[in-house]
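If you're wondering where the values come from, they're calculated on a predicted model, not measured in any experiment.
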Amino acid sequence: MKWVDNHKGVFNVEVVAVSSIHTQDPYLDKFFALVNALDEHMFPVRIGDMRIMENNLENELKSSISALNSSQLEPVVRFLHLLLDKLILLVVRPPVIAGQIVNLGQASFEAMASITNRLHKNLEGNDQHGRNSLLASYIYYVFRLPNTHPNSPSPGPGGLGGSVHYATMARSAVRPASLNLNRSRSLSNSNPDISGTPTSPDDEVRSIIGSKGLDRSNSWVNTGGPKAAPWGSNPSPSAESTQAMDRSCNRMSSHTETSSFLQTLTGRLPTKKLFHEELALQWVVCSGSVRESALQQAWFFFELMVKSMVHHLYFNDKLDAPRKSRFPERFMDDIAALVSTIASDIFSRFQKDTEMVERLNTSLAFFLNDLLSIMDRGFVFSLIKTCYKQVSSKLYSLPNPSVLVSLRLDFLRIICSHEHYVTLNLPCSLLTPPASPSPSVSSATSQSSGFSTNVQDQKIANMFELSVPFRQQHYLAGLVLTELAVILDPDAEGLFGLHRKVINMVHNLLSSHDSDPRYSDPQIKARVAMLYLPLIGIIMETVPQLYDFTETHNQRGRPICIAPDDYESESGSMISQTVAMAIAGTSVPQLTRPGSFLLTSTSGRQHTTFSAESSRSLLICLLWVLKNADETVLQKWFTDLSVLQLNRLLDLLYLCVSCFEYKVIERMNSLTFKKSKDMRAKLEEAILGSIGARQEMVRRSRGQLERSPSGSAFGSQENLRWRKDMTHWRQNTEKLDKSRAEIEHEALIDGNLATEANLIILDTLEIVVQTVSVTESKESILGGVLKVLLHSMACNQSAVYLQHCFATQRALVSKFPELLFEEETEQCADLCLRLLRHCSSSISTIRSHASASLYLLMRQNFEIGNNFARVKMQVTMSLSSLVGTSQNFNEEFLRRSLKTILTYAEEDLELRETTFPDQVQDLVFNLHMILSDTVKMKEHQEDPEMLIDLMYRIAKGYQTSPDLRLTWLQNMAGKHSERSNHAEAAQCLVHSAALVAEYLSMLEDRKYLPVGCVTFQNISSNVLEESAVSDDVVSPDEEGICSGKYFTESGLVGLLEQAAASFSMAGMYEAVNEVYKVLIPIHEANRDAKKLSTIHGKLQEAFSKIVHQDGKRMFGTYFRVGFYGTKFGDLDEQEFVYKEPAITKLAEISHRLEGFYGERFGEDVVEVIKDSNPVDKCKLDPNKAYIQITYVEPYFDTYEMKDRITYFDKNYNLRRFMYCTPFTLDGRAHGELHEQFKRKTILTTSHAFPYIKTRVNVTHKEEIILTPIEVAIEDMQKKTQELAFATHQDPADPKMLQMVLQGSVGTTVNQGPLEVAQVFLSEIPSDPKLFRHHNKLRLCFKDFTKRCEDALRKNKSLIGPDQKEYQRELERNYHRLKEALQPLINRKIPQLYKAVLPVTCHRDSFSRMSLRKMDL
């Protein structure tokens, strides 16, 4: 053999051992070898080169346990189950070495704490509660008590489950009786008086039921067994730990007592300790880093302890034993000490180590939750109270308690998730100690026996308040509801962020109860609902803080039945402050008011309003309780409530209606695909209650209004509702990725929820009505009930709900007719409107119910007073209002409903002989007329002028029905305001005020009120049409006439104030002054200084604007529009004057009208006539539609001009307009000067502008033909006026002046002044009729030359040095013009200076009537 390269290595070989037996870690290897040696009793032990003798075994074993922390992580993970098993074995079965018991419990506990902490830090795979998956799987699948292996003797009295002797730290199963009397510490912090010795199997239940001790001021009283001596006072947690340490030392001294039982050989003891007891003891006595490690992984030790306890009970046949005798008192002491110290840790470190504290808090809660299943429940409740006390004491010193309260909420939420939560609250026990307790001892039987107690009468108030008896009896529910009350309190500073969390906790609890099959029976569900009755009161207190869902429905918001100030005056508040403070741990230092949790000021509302989602969840909880609670209990409670409280409840129900309304419009907008008609019809059918699962949900067994036990708002359908991804209030961005099936399913669920919620509200209203119908204060409550009912009718509802709703409404009207017809008259009008709206429904069932309700409403009204004027008036007004405002209103279906009503009247045998059928027929005929106009209105929905014309015509038809005319005038005002026609809106309001004044003056004679509409003619000359002078005017004192809110003094004032505001927006400040002239006497008569001050302030503002905006205001521009052609229908050959916004050009209105009618008739059909000449219809194409549009100006006679001085005067109350058309005799529009004629057309309209509509018919037309010389005179007068204006303008405008001068004296001006003079003044006319015109033109030129001279002089004073040459040129031109005109101007006509001629039959040429052609 030869070595390569002088023995140099070429490659290396490394052997890696793969073994599931050998750890390959020296520390683990040593530990397992020593433990094995103990089991096998083989000494000495060889570990590598080291030999360990028996006398050195104890030290080596302890050092190997402590050295486990140094081992590598990988082998620890691989051998984790074995490692933990061996450590637990050392705890449970301490070894005997050299005749001595070696206590390795503490060392093993420390090693376990260290190992679990290492795994947590270095391994991934923790769940949401921070539990390592490897450790969790060990507890769940591997861990068993060492004495429960399959080859162990079977559990029972004869096996290991029998009586055993405990080694070193084990405890005696029987304790000396003297210890019960001489103990210096109590079982727990919160129940010092519990007897230590169980005396009966149901001692636990008795102690809970008979106790008084969940309040700090009382102690628990054991009603079951003999009295035990008290155990003394509670020491601090640190004292408990010290005592546990002392007890541990005392128990260590028991070696000498038990040595006679020990084996003398080294090995295991035949007797074993109980792991959970040893674990609890070691945890209590540990300190320093070990304790810190244990706290970090508290969940692991808690779950080990619980599993050990369960195994112990099972393998020792103790599951059927009384809970109080299952575990020894020493162990319970250790648990109490452990819980107390851990709670103390949580509440002292929550600000430093948030993540760890959250895990520790969760672990503790789950531990207590588990203990409720296996330990004495009274004891566990005392542990819960211990935790609450610690929070309570800490909260007082915290500036911001929200973090701590949040931890407490998590703690409570986990405890309340116990499977027997409902039974733990003793839902069927009374609020006083019962005759016999419920025999609930095991988990198997506790659920069924929990509902076995008979219900007895008890004080209703205690059931609906968080009273001391309620919280003692229903402990966990009391804690939950008190948390809710404290956090929702508006004065609880710093807790606002927890609203959603606490509401969700209650919401989740209720949804779990509802879906739990154990509580499906209605009677059981009623008992469960009883646990939450105080929730109604709590939510009633939060009404001002709830999100206002009604704002999206209408602008008025919800009608708050009680003003915020009234809350303070409420004496019997729902939740008393002392009660809320008394329960353990709920004391928040800020809550110091003696009254209640009520919000007393509206200012706080802005800062504490709940979110929409939180409010919705809270209202769902309310509806669940109202649905499932016992009706008789609710009825008794409603009887005890004050009027204010009942109104608050109704306000809450009103809000619920808006909250759970089915938002069909929003849903359709959010869809990413367009549904076919078939699909939409199917979906609508499902939602509206004719197919699908909703029938199960809303089926009622008691006639039409009974609620069905199976109709669950949270049942099988509703399970999906709580899934976040199925709720319809998710953000819009999330909706985009939904499939069609998901959206349909979501729509179905929303429809179900909306129906169910409204049916619950309806049932509650029924109970309220039954309750208050016998009381004195029923009127105010019934008014509130009616409000809620009407509001629900106004919202989107399903067919199923509406049928029940109409039935309830009919019953209410039948039972309390005076409510509608005498007190709530506005609600009667509202009811008519709602019924009419549903009469036009596309679903026949709804139509038939609405028709029946409307007919019975009329019948009821007729029977009361032998006419139904009020309902008749209000139905007509409602239809008018519906027509004016509703967009999706179906006229055909409404006609069918009206026919149904007519049929009812004809077939009503009882009233056949009365006038009732005839009156119904008259009403229905009137309604049909309105509907006909409605059809036309719909056709012209896009034509604002035609729409207003139709509304005007309908209002005109109601000239003798003041209420209806007022309704339509207000509809018109609304339409004008939408289009920013403020002047027209103001006119509508002035007409309304004049109408009201006319009827008020008939009703009452007050000097300060306006004397009918005559008072308003200064505002507008049109208002005289509101005069009530015709023969068929109704009397205002007749029933049902002028009954609206506007036919009062305050109504009149309101209308006038609105009119003034509209005039102000229109810039017509002079009209504002005229309106206030009517208002001021009314306020003076009422001595209302405040309003007078406001009015005079507004007047000052108006007059200031007149001054500042002088010359800058622009009102309307007017156009004459003529329609020609049969396609226009009623408009054919009609002429109107249109009022358009200021500075509207002819091209703009022409484009608008041509575009609008082009869309309607076709672009090739509509033609605009470009000129202003008279239209000969014979020459037009009959298949076309012609529009002629001409700009017109206001026209005033000379005598009018003295009154129309300002710009406002010249643009207000306009009835006459003029436009000019140039022409020649041969048909051309323009010609030479001597042949140029002009036609002036003067139009007179039926009403003065501004009016209640923007276009007014032309009623009169006249034409004036001007001869060429008259045209010249007009032109020269116009030029002369321009020169005068430019000359005297202040401040002077040189550019304007020069421009006018250039046009007057410039040499290049075609048809300028010189040419005019040469044409008409060169010769004296042969026709004597023209003499005066000739002379007038001559004088015009004389004046013209004088003005030119003034203008030149003015211009000379304004120009600079650079324009002197230009000035000289203008002067030269002027002198030339003057020289040329001189002979023409100075030539006089001799005949004009002769003696005055006798008057001939001809009119002189100066008369306006000369050459005038009249035309209508």
Side-chain angles (χ1 to χ4, degrees), residues 829 833 836 872-886 889 923 925-941 943-979 981 983-999 1012-1013 1016 1019-1030 1032-1034 1036 1041-1047 1051-1052 1055 1058-1059 1062 1130 1136 1139 1245-1257:
L833 180 61
L836 269 177
K872 193 174 175 181
M873 175 65 65
Q874 285 173 338
V875 167
T876 318
M877 286 175 69
S878 297
L879 183 60
S880 303
S881 180
L882 197 63
V883 166
T885 56
S886 179
F889 150 85
L923 173 64
F925 178 75
N926 197 8
L927 296 179
H928 275 299
M929 291 301 295
I930 297 174
L931 283 174
S932 300
D933 283 328
T934 307
V935 177
K936 288 184 179 175
M937 280 178 67
K938 281 197 168 180
E939 286 174 8
H940 298 93
Q941 198 66 40
D943 183 354
E945 284 86 9
M946 193 65 191
L947 186 65
I948 291 290
D949 273 2
L950 284 167
M951 293 173 86
Y952 173 80
R953 194 161 75 197
I954 295 170
K956 191 84 175 163
Y958 292 135
Q959 198 79 41
T960 57
S961 305
D963 301 79
L964 291 167
R965 178 161 174 79
L966 191 63
T967 301
W968 279 95
L969 284 171
Q970 287 179 313
N971 285 345
M972 290 173 74
K975 287 287 180 192
H976 282 307
S977 295
E978 283 173 23
R979 301 188 65 231
N981 295 331
E984 284 68 28
Q987 292 293 331
C988 290
L989 293 164
V990 167
H991 277 250
S992 301
L995 179 65
V996 169
E998 193 72 24
Y999 282 88
C1013 59
F1016 295 84
I1019 304 174
S1020 170
S1021 58
N1022 301 317
V1023 292
L1024 292 177
E1025 65 187 34
E1026 303 301 335
S1027 300
V1029 291
S1030 63
D1032 55 352
V1033 165
V1034 290
I1041 305 299
C1042 302
S1043 58
K1045 60 182 176 183
Y1046 289 106
F1047 285 94
L1052 175 65
L1055 288 168
Q1058 287 180 57
S1062 291
D1130 295 345
F1136 299 91
K1139 177 175 178 282
T1245 54
S1246 59
H1247 295 89
F1249 283 98
Y1251 186 43
I1252 58 178
K1253 50 182 189 164
T1254 52
R1255 73 173 180 191
V1256 180
N1257 293 62

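- A distance of 11.0 Å separates CZ of F1249 from CD of Q987, quoted to the nearest 0.5 Å.
- Atom OH of residue Y1251 and atom NZ of residue K1139 lie 14.5 Å apart, to the nearest 0.5 angstrom.
- The two residues A994 and V1023 make their nearest non-hydrogen contact at CB-CB, 4.2 Å.
- Separation of atoms OG (S1021) and CZ (F1016) is listed at 14.5 Å; rounding is to 0.5 Å.
- R953 is linked by a salt bridge (Lys or Arg N to Asp or Glu O under 4.0 Å) to D933, counting only residues two or more places apart in sequence or in another chain.
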*asked:* side-chain contact (heavy atoms from CB on, under 4.5 Å), that's the test. Do N1022 and I1252 meet it? Break it down for me.
replied: CA-CA 9 Å; N1022 301 317; I1252 58 178; over 6 Å; no
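- Contact check for W968 versus M951: side-chain heavy atoms found under the 4.5 Å cut-off.
- Salt-bridge check for R979 with E984: failed, with every basic side-chain N at 4.0 Å or more from each acidic carboxylate O.
- Here the side chains of K975 and K1253 are not in contact, with every heavy-atom distance at 4.5 Å or above.
- In this structure, I948 and T1254 have side chains that are not in contact, with every pair of non-hydrogen atoms separated by 4.5 Å or more.
- Of the inter-residue distances, the one linking M972 atom CE with L947 atom CG reads 9.5 Å to the nearest 0.5 angstrom.
- Using a 4.5 Å heavy-atom cutoff, the side chains of S1062 and L989 are in contact.
- Residues satisfying the side-chain contact (heavy atoms from CB on, under 4.5 Å) criterion with S1246, sequence neighbours excluded, are V1256, N1257, T1259.
- Qualifying salt bridge (Lys or Arg N to Asp or Glu O under 4.0 Å) partners for R965, counting only residues two or more places apart in sequence or in other chains: E1025, E1026.
- Interatomic distance, CD of E945 versus CG of L950, reported as 12.0 Å (0.5 Å rounding).
- For A1059 against A986, the heavy-atom pair with the smallest separation is O-CB, 3.8 Å.
- For the pair S992 and L969, the tightest heavy-atom approach, listed with the atom from each and the gap, is OG-CB, 3.5 Å.
- L966 and L995 make their closest contact through N-CD2, 3.9 Å (heavy atoms, listed as atom of the first residue, atom of the second, distance).
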